[in-house]
Every structure is written in C-alpha cells, then in structure tokens.
Chemist: 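My questions will all concern the structure given below.
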Amino acid sequence: MIREYRTIREVVSPLMVVKEVEGVTYDELAEIELPGGQVRHGKVLEVNGDTAVVQLFDDARGINLAQSKVRFLGHPLELAVSGDMLGRVFNGMGKPIDGGPDILPDEMKDINGLAMNPAARAYPAEFIQTGISTIDGLNTLVRGQKLPIFSGSGLPHKELAAQIARQARVLGDGENFAVVFAAIGITFEESEFFIRDFRRTGAIDRTVVFSNLANDPAVERISTPRMALTAAEYLAFEKDMHVLVIMTDITNYAEALREVSAAKKEVPGRRGYPGYLYTDLATLYERAGRRLGKKGSITLIPILTMPEDDKTHPIPDLTGYITEGQIILSRELYRKGLVPPVDVLPSLSRLKDKGIGEGKTREDHAGTMNQLFAAYARGKDAKELMTILGEAALTEADKLYAKFADAFEKEYVSQGNDTNRPIQETLDLGWSLLKILPRGELKRIKQEMIDKYLPEEG
C-alpha cells in the first residue's frame with residue numbers, strides 16, 4: 001500500500017526527516033514529488049516512532065518543505081533480474097545505461113540479500129584459472145572464495161581487474177561461467193576503459209557491468225555492490241552459473257558509508273568510519289560462496305586502494321579478517337616496471353591447497369609452489385645482503401638465489417596485461433626457473449616429481 005505525506009520537517013543532504021508517518025519500515029523505498037512535478041528517490045534509513053529518516057538518492061535542491069510530497073512504496077530497492085542481463089551495462093541503481101532496452105525481468109529481487117548461512121555452505125574446492133601466474137601458481141583462486149586485491153593509489157589495479165575479468169575461466173567441459181563487474185565511485189574515463197576493454201575482447205558477452213561514477217550520489221555507491229551481488233546470486237543459484245564478482249573500489253564504498261554516517265551524526269569509530277564498518281563489509285563479502293545442493297557458485301574479488309599504502313588502515317584491516325587471503329600490489333615492483341606488480345611474499349590465498357593437485361591443476365603444483373616461495377624469499381634476502389655488504393660477502397649458493405630472484409620477477413611475476421597463461425604453462429615456467437638452482441637445493445619437492453618434470457640436462 002502506497003502512503004503519501006506532506007510532513008517533511010528537515011532536509012540535510014543526503015538525509016530528509018519526515019514526521020507523522022505510519023507503518024513505514026526500514027529500507028523501504030520513497031518517492032519525493034517536488035512542486036514542479038519532478039520526482040526524486042530515496043530509501044528509509046531509520047524509523048523512530050512516527051519519524052522516518054529518508055536517505056536521498058539524488059541531491060536535495062528544490063525540495064520545498066511545505067509543498068513537496070513523500071510517497072512510501074511499501075518495498076525495498078529491487079533489481080530486475082533475467083538471463084538477458086549478460087552483455088549489458090547498468091548504473092549503480094540497476095538502470096540500463098548502454099542504450100539498450102529495459103530488462104524484461106524473470107523476477108524482482110530485493111538487493112539487500114542475506115549473508116550465506118554457514119550450515120548451507122559447500123567447501124570451496126575447485127580451481128579458477130585467471131591466466132595470471134602469480135595468482136594461479138602461487139595464490140590460487142578457488143570457486144566460492146573471497147580473495148581481495150590490496151592496491152595503492154596510482155598502482156595498476158584497474159588494468160589487473162580488467163585482465164582478470166576477461167581471462168578468468170573454470171576448467172572442464174559444459175561449465176557456464178559469467179563475470180559480474182561492479183565499478184564503485186570511479187571516474188568516467190575509468191568506466192569507459194573497462195567497458196571498451198570488455199567490448200574489444202568480447203568479454204562483455206559473458207559480463208554484467210554495474211557502473212557508479214564519482215559524480216553520482218554517495219548513496220548510490222552504497223547500493224552498487226549490492227546490485228552486483230544480487231545479479232550474481234540469480235545467475236549462480238537460479239541459472240547454475242559459476243560467477244566471478246569483481247568490485248573496484250571498495251575504498252570508495254567505505255568513504256560513502258562514512259559520509260552518510262556523518263550526516264546521521266553517528267559516533268565515529270576508527271579514522272571517522274562508522275563503528276559498524278566490519279559488519280557492513282561482512283554483509284557484502286559473506287554473500288559469496290557455494291551452496292549445498294546448488295551447482296553454481298559466487299567467487300568474489302574485491303579491489304581496494306589502501307590509503308597511504310597502509311595495510312593497517314581500517315578498510316584493508318577489516319577486509320582481511322573477513323576474506324580468505326589477499327593479493328598485494330607493490331609500489332617497489334611497479335617502479336621496477338613489473339606488470340602486474342604482485343608482491344608474492346606477503347600475498348596469501350588461504351584456500352589455495354584445496355584447489356590444486358592432480359585432477360584440478362597438476363600433481364606437481366603444491367611442491368613447485370612451496371619451492372618457488374622459499375627460493376624467492378631466500379633470493380630477496382641474498383640481494384639485501386649484497387646491497388649492504390657487497391657481492392663478495394655472498395656464498396656461491398647465495399649468488400644463485402639472487403640470480404633466481406631477478407629471473408623470477410622478470411619472467412614469472414612480470415607477464416604484462418595481455419598475456420594469458422594456462423596453468424600448465426605457469427607450472428612449466430616455474431620448473432624452468434628452478435633449473436637455475438642445483439637439484440640438491442630443491443628440498444620441498446618430492447624426488448619423483450623432480451625426476452619427471454626436471455630432467456637432467458642432456
């Protein structure tokens with residue numbers, strides 16, 4: 001039932017206070033009709049007795065307290081979902097912006113879905129190939145996982161996000177794979193970059209794009225990731241697809257949350273962010289996963305820029321608690337010209353062991369992964385020692401490890417944004433780099449694997 005009121009008492013953008021309301025519920029949609037007939041939109045943020053606080057999706061200019069009317073629509077913000085969403089571009093409110101027709105919905109879905117019940121979760125166990133060696137070989141992505149990318153201002157996370165979106169696939173025949181891409185608070189140029197890249201490579205055909213620009217209202221930024229996850233839930237659990245959700249930039253989402261929280265005069269937490277930032281991020285991240293009895297899955301890669309490259313900042317800090325690892329981009333590697341500049345040693349995929357091995361990637365994957373990590377770590381230590389004491393202070397073994405570290409960064413880490421490496425190629429590349437070291441140093445790989453994949457030089 002639609003209820004209409006002329007009892008607006010206060011407007012402090014992006015909030016509006018309406019008095020003498022009845023039966024209004026949290027998250028309910030509202031329409032504000034201005035004296036000239038224009039219609040603005042908002043949603044109920046808070047209800048206290050007969051007072052409702054409405055969050056405006058548009059700016060507050062032109063709202064006349066005495067003459068404007070407010071209608072409460074009786075339902076929350078919804079997204080029209082259909083299989084026809086694939087290949088389409090929407091704004092942060094779910095409206096098409098690609099010049100195509102409106103979606104004919106199979107159903108309307110409340111965007112405020114629930115986090116997945118832990119008892120209904122199936123354990124992530126299948127490999128997703130991104131074509132990027134530092135992820136596939138060393139920090140493997142698994143179906144149903146939440147694996148964020150921690151970047152910094154000016155680092156090429158935009159190019160990395162586009163590369164993952166166009167290259168990612170699940171191995172095996174007859175597997176339906178889709179990408180849902182949510183751009184949150186980005187510039188028009190960045191939005192055009194993603195859409196052009198998807199169209200150029202044909203990836204748009206299996207992608208649903210939600211684009212929220214920096215000049216769009218902050219409130220829309222809060223809705224954008226929920227729109228994307230609602231579309232992903234429909235494709236995964238009703239269309240049996242394996243869906244990869246990529247969100248960039250979660251920092252812009254958190255800033256919008258802080259802006260609205262400040263307007264509500266809430267007591268701020270760390271760095272001015274609301275005290276419920278952890279809970280709010282969890283309501284997004286925990287919608288990803290695999291469900292028992294369902295063929296589809298949702299895998300989530302949220303991308304966030306760490307202010308001042310600070311891993312202890314509330315946004316990366318809380319994200320790390322909720323998700324299963326992180327991929328970290330390095331400013332030092334970027335300055336060296338490595339693309340993508342993935343810092344292997346502090347990066348981590350907590351579920352990588354579940355998605356690798358015989359029948360998933362290859363039998364030698366676990367051993368080579370551990371050996372590459374260990375050799376690169378020792379090589380970096382040797383290079384630091386060489387910087388301080390000079391090359392003469394190194395043993396012959398240290399010099400080999402330093403040589404390995406340089407070759408590893410140049411050939412394995414730096415593959416460019418247009419190279420798509422199948423997992424077999426990544427594993428073979430790892431073996432070719434390990435040939436730099438004496439066989440006696442390969443202590444983390446079983447001897448039968450060394451004999452099979454690292455034959456004697458002829």
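Side-chain atoms are counted along with the backbone in the values below, which use heavy atoms only and exclude waters and symmetry mates.
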Chemist: Quick one: do K95 and D102 make a salt bridge, cutoff under 4.0 Å?
Modeler: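 Salt bridge absent between K95 and D102.
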Chemist: Could you tell me whether K336 and E409 have a side-chain N and a carboxylate O separated by less than 4.0 Å?
Modeler: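 Salt bridge flag = yes for E409 with K336.
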Chemist: Verify the distance criterion only: is there a donor paired with an acceptor across the side chains of D451 and Q447 at less than 3.5 Å?
Modeler: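 Side-chain D/A pair, D451 to Q447: present.
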Chemist: Look only at the side chain of T299 and the backbone of G144, and say whether a donor-acceptor pair between them is shorter than 3.5 Å.
Modeler: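 Yes, the answer is positive, given that a donor and an acceptor are paired below the 3.5 Å cut-off.
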Chemist: Using modelled atom types only, decide if a donor and an acceptor are shared between the side chain of Q371 and the backbone of L434 within a distance under 3.5 Å.
Modeler: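 Such a contact is absent between Q371 side chain and L434 backbone.
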Chemist: Does any donor atom in the side chain of Y285 or T319 lie under 3.5 Å from an acceptor atom in the other side chain?
Modeler: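 Yes, side-chain donor-acceptor contact under 3.5 Å.
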Chemist: Does the pair D310/R271 count as a salt bridge with the N-to-O cut at 4.0 Å?
Modeler: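 Between R271 and D310 there is a salt bridge, with a charged N closer than 4.0 Å to a carboxylate O.
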Chemist: Counting only N and O atoms by type, is there a donor-acceptor contact under 3.5 Å from the side chain of R206 to the main-chain atoms of N176?
Modeler: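 Side chain of R206 to backbone of N176, a donor-acceptor pair under 3.5 Å: no, none is there.
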Chemist: Can you say whether the rings of F210 and F90 are parallel (under 30°), tilted (30 to 60°) or perpendicular (over 60°)?
Modeler: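 Rings of F210 and F90: parallel, as their planes differ by under 30°.
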Chemist: Might you point out which heavy atoms bring L79 and G94 nearest each other, and give the distance in Å?
Modeler: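 Smallest interatomic distance, heavy atoms only, reads CD1-CA, 3.9 Å.
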Chemist: Kindly say whether N212 contributes a backbone atom to a donor-acceptor pair with the side chain of E220 at under 3.5 angstrom?
Modeler: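 Absent.
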Chemist: Salt bridge check: are R362 and D136 linked by an N-O gap of less than 4.0 Å?
Modeler: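 Salt bridge flag = no for D136 with R362.
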Chemist: Over all heavy atoms of both residues, which pair between A214 and R221 is shortest? Give the atoms and the distance, please.
Modeler: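 So the two residues come closest at O-NH2, 3.6 Å.
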Chemist: Out of the candidates K295, K109, R291, only one should pair with E238 under the salt bridge (charged side-chain N to carboxylate O under 4.0 Å, His left out) rule; please name it.
Modeler: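 Checked K295, K109, R291 against E238; only one passes salt bridge (charged side-chain N to carboxylate O under 4.0 Å, His left out): K109.
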Chemist: Any donor-acceptor pair under 3.5 Å linking the side chain of T368 with the backbone of H365?
Modeler: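 Between the backbone of H365 and the side chain of T368 there is a qualifying donor-acceptor contact (under 3.5 Å).
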Chemist: Does the plane of the ring in F198 sit parallel, tilted or perpendicular to the ring in F181? Use 30° and 60° as the thresholds.
Modeler: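 Geometry flag for F181 against F198: perpendicular rings.
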Chemist: So does K43 get a backbone contact from the side chain of Q55, meaning a donor-acceptor N/O pair under 3.5 Å?
Modeler: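 No, the answer is negative, given that no donor and acceptor are paired below the 3.5 Å cut-off.
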Chemist: Please determine if R331 and D309 form a salt bridge, counting it only when a charged side-chain N lies under 4.0 Å from a carboxylate O.
Modeler: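 Answer for the salt bridge query: yes.
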Chemist: If only side-chain N and O atoms count, and only distance matters, is there a donor-acceptor pair under 3.5 Å linking T426 with R421?
Modeler: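 Absent: no donor and acceptor within the cut-off.
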Chemist: Could you tell me whether the side chains of Q163 and N417 share a donor-acceptor contact shorter than 3.5 Å?
Modeler: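 Yes - a donor-acceptor pair under 3.5 Å links their side chains.
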Chemist: Using a cut-off of 6.0 Å, state whether more than 12 heavy atoms not belonging to K311 lie near its atom NZ.
Modeler: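 Incorrect, the count does not exceed 12.
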Chemist: Less than 3.5 Å apart, any donor N or O on the side chain of T230 or R287 sitting next to an acceptor on the other?
Modeler: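 There is such a pair between these side chains.
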